[in-house]
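Counting convention: from 1, in listed order, for ligands and their atoms alike.
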Amino acid sequence: MSIAEIHQTRYGSEPDGVYKAPGRVNLIGEHTDYNDGYVFPTPISRHIEVSIKKRDDQHINLHSHDFRDDASYKTEGYAVDPEHHWANYVLGVVQALQKRGHSLGGFDMCIKGDVPIGAGLSSSAALETAVVRSLKDQFKLDLDPVDAAYVGKECENNFVGVQSGIMDQFVSSLGEYGKALFIDCRTNEYSLHGLTDDVRVVIVNSMMDRSLAGSEYNIRHAQCTEAVDIIKKTYPEVKALRDVTEEMLLEQWGNLPKLIARRARHVVTENTRVLESTKLLDIGDMLGFGELMYDSHDSLQHDYEVSSKHLDLLVDYTMDLDGVLGARLTGAGFGGCTVNLVEVDCVDEFTEEITERYFNRTAKRCEVYLA
Ligand code: GLA
């Protein structure tokens, strides 16, 4: 059933509009966005869709097709709803828009999507972006796509309560399918970079729970702030790890607690890898780019410590598979997915082999998606 049909069945009338936004996979640049750094994600061909019809009153009625669940609120006086977790992504967007001075009336909305939920492919950012698009269009709000991304981030940070960066909403709002989007998370400058036709971005879902992701994520965030606070005693111009060079870090190494130094080293070297990656893509050097993906995983595994046994297995398996140029964990880590750069002709064999090896070792079936 299409979302318009679902809307018709649920609310008894056709929607005024249907809007969608994609999930994302990050190619390189992990845990750099909240350090004012650089990221390099790409949208995936999986989306969250919303249908909307404005109401004459102040009621917000929501229906989630995927959760087979309904929830109702008023446009004022709502709070975080612990019983309908999915609805908070809509309410948080409404609140962020209202805080910016936009006035919204009531509406009926249905939600449906095929971005795997909880897999680290940003189904929540896709939902936020689709909701912002629908409200912007229906209530004639003055918002550009970068504003739209920040509304999604405010929803996440201030309503849902995750201190995430801007990457996911930015690429969902501004990305172009089939291109990598370089984002400078301090200045919001961005640029699109094509991959060569002979490679595909392949995502492997470990099917492992990311329950640690929330709490450990906020701990990593705090550790980065700790590093900045120490380094800026010597270099007052440093506002974020983005401002720290490898030389500065080496010089400051002894001043930092060992663990904090390693966390900082991941972010500093990862920023360099992203800048290098954009150059390699522009000259079509996919082999060089793939190597940087492996370096990124190594750094996430050992310095930032956000990998898991299952993600490491999935990356290790690729080492002797034909046609794999690079592999790494993608997103926050602690479960979720790996992203792989695979030669077009080898994708089928890759899928078969990795699924079999993973199953033989873990008794779990991974899922494989083309980006
Ligand atoms: C999550 C967050 C992003 C980013 C990544 C790690 O996906 O939502 O903002 O920090 O983790 O790179």
Protein residues that have a heavy atom under 4.0 Å from any atom of ligand 1, sorted by chain and number: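 Contacts of ligand 1 under 4.0 Å: R24, E30, H31, D33, Y34, S164, G165, M167, D168, Y217, G331, A332.
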Pair H59 + F107: ring centers closer than 6.0 Å: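 No: the rings miss the under 6.0 Å criterion.
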Pair Y34 + Y217: ring centers closer than 6.0 Å: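 Ring-ring flag for Y34/Y217: true, centres closer than 6.0 Å.
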Electrostatic pair R263:E226 at N-O distance under 4.0 angstrom: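 Looking at E226 together with R263, the answer is no, because their closest N to O distance does not fall below 4.0 Å.
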Side-chain ion pair, R242 and D184, N-O less than 4.0 Å: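 Answer for the salt bridge query: yes.
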Side chain R220, main chain E305, donor-acceptor under 3.5 Å: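 A pair under 3.5 Å: yes.
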S173 side chain to F170 backbone, donor-acceptor under 3.5 Å: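 Looks like no, no N/O pair under 3.5 Å.
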